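Below is one structure, written out as structure tokens; the observations come after it.
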Amino acid sequence: MIPIPHIPFIITIILYFVSSVWSIGHIVNAGVFNKKVAKWTMMMGFFVHSGFIVFLGLESGSIPITNVYESFVSLLWCILFVYINLDYLYKLPSLDTFVMPVVTALSIWALTFDGGNLLVTVSLQNFWLIAHIIPIFVGYAAFTISFSLSIMYLTQQRQLKHKLFGALFNKLPSLEGIDKLMWKTISFGFPLLTLGLVFGAFWVKTQNILGEMWYLDYKVVLGLATWLIYAALLHMRLVASFHGTKIACLTIAGFCMVLFTFIGTFFMGSKHAFQKVSEQTHTEVLDVQ
């Protein structure tokens, strides 16, 4: 049985799923699948999602990251927030066709962490924690958009290579346009990732969250590896003037590293401020803090 407090997120997922179906369907059969349906269901989903974020924030008294599930929900909100603003600024056609299925899949995945006992056991009011989380999440959101753009780039490139000038080709932007926006999203996300990692280092040092050997924590190590991948991307673009396929493939690899750093490290034994404790113990710890 679905817990009542999480019903809004279930509604959000349904709306995102409808948006995904209609955005893909619009390419296949524009007469049946109206683009406005895709847009409005996405916006309705984001509205419900925002309300759910506010609810979780009021419940925890801070940013909603009290467990892995809430962290996932917050990250997904950041992805939609960044996408909506990019869509408003650049109006890149059919980007939602590639972004919304990714968001929907990640939203369904987030549900698998609901009810888990990996809970935050540090103060959510700590400045360094907030300064660490917010830039990291927005940076990850930008990298998710760049991943979607990479898939779009490789798809359009395939259309050109095999001379498949059908409905999909006509609805996708030029390779140059996709490449430019992919570059902009990476350039936006990288400084935020850097800032978040720096603040995170201050956090673990001042609060002694991970002990003296904090730099050997799986999440810390993989976070640095993620930073190096995107640093290499920027270097390749600025110094070596790489474009196109190589950048797109490396961007996809970078996004896989983002997901593994964000979620996969917990399965490797990384605690990173999350501990397996009961809800009662968790509440008592945070009340004391």
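If you're wondering where the values come from, they're calculated on a predicted model, not measured in any experiment.
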Check: [X] side chain, [Y] main-chain N or O, donor-acceptor pair, under 3.5 Å:
| X | Y | result |
| --- | --- | --- |
| S146 | I186 | no |
| S94 | T97 | no |
| Q156 | P173 | yes |
| T144 | Y140 | yes |
| T185 | I145 | no |
| S74 | P64 | yes |
| H132 | G196 | yes |

Return the [atom1] to [atom2] distance between [X] and [Y], rounded to the nearest 0.5 Å.
| X | Y | atom1 | atom2 | value |
| --- | --- | --- | --- | --- |
| K36 | H26 | NZ | NE2 | 11.5 Å |
| M100 | I79 | CE | CD1 | 10.5 Å |
| T155 | L175 | OG1 | CG | 10.5 Å |
| L193 | I229 | CG | CD1 | 10.5 Å |
| L181 | L95 | CG | CG | 7.0 Å |
| L172 | Q157 | CG | CD | 12.5 Å |

Decide if atom [atom1] of [X] counts as having more than 12 heavy atoms of other residues, nucleotides or ligands within a radius under 6.0 Å.
| X | atom1 | answer |
| --- | --- | --- |
| K161 | NZ | no |
| F46 | CZ | yes |
| K180 | NZ | no |

| Does the pair M236 and L250 meet the rule for a side chain to side chain contact (heavy atoms under 4.5 Å, CB included), with working shown? | CA-CA 10 Å; M236 290 169 65; L250 194 53; 3.4 Å; yes

What's the shortest heavy-atom distance between [X] and [Y], and which atoms?
| X | Y | value |
| --- | --- | --- |
| G189 | A142 | CA-CB, 3.8 Å |
| Y16 | S107 | CD1-OG, 3.9 Å |
| A141 | L75 | N-CD1, 4.4 Å |
| L15 | T41 | CB-O, 3.5 Å |
| A38 | S19 | O-OG, 2.7 Å |
| T104 | S20 | OG1-OG, 2.9 Å |

With clusters defined by side-chain heavy atoms of hydrophobic residues (ILVMFWY) lying less than 4.5 Å apart, directly or transitively, does [Y] cluster with [X]?
| X | Y | result |
| --- | --- | --- |
| V198 | I136 | yes |
| I130 | F72 | yes |
| I14 | F52 | yes |
| Y88 | I178 | yes |
| V99 | L259 | yes |

| Residues D87 and K39 bridged, charged N to O under 4.0 Å | no

Do the ring planes of [X] and [Y] sit parallel (below 30°), tilted (30 to 60°) or perpendicular (above 60°)?
| X | Y | value |
| --- | --- | --- |
| F137 | F262 | perpendicular |
| F9 | Y69 | perpendicular |
| F143 | Y230 | parallel |

| task | Taking the six-membered ring of F188 (Phe, Tyr or Trp), confirm whether the NZ or CZ of K184 is under 6.0 Å from its centre and within 45° of its axis. | result | no

| task | Show the numbers, then the answer: is there a side chain to side chain contact (heavy atoms under 4.5 Å, CB included) between H49 and V73? | result | CA-CA 8 Å; H49 196 163; V73 172; 3.5 Å; yes

| Working for side chain to side chain contact (heavy atoms under 4.5 Å, CB included), residues L224 and V220 | CA-CA 6 Å; L224 178 59; V220 174; 5.9 Å; no

| query | Quick one: which of Y153, Y83, F98 gives a side chain to side chain contact (heavy atoms under 4.5 Å, CB included) with S148? | reply | F98

| query | Without hydrogens or angle criteria, can the side chains of T226 and T261 be said to hold a donor-acceptor pair below 3.5 Å? | reply | yes

| request: Determine whether M42 and V18 make a side-chain contact, defined as any pair of heavy atoms from C-beta on separated by less than 4.5 Å. | output: no

| query | Would you call D179 and R237 a side-chain contact if the rule is heavy atoms closer than 4.5 Å? | reply | yes

| request: Start with the C-alpha distance between F255 and T251, add both sets of side-chain angles, then the distance that settles side chain to side chain contact (heavy atoms under 4.5 Å, CB included), and finish with yes or no. | output: CA-CA 6 Å; F255 177 70; T251 301; 5.8 Å; no

| note | Sequence neighbours excluded, the answer for ring pair (Phe, Tyr, Trp, His ring centres under 6.0 Å) partners of F81 is W77

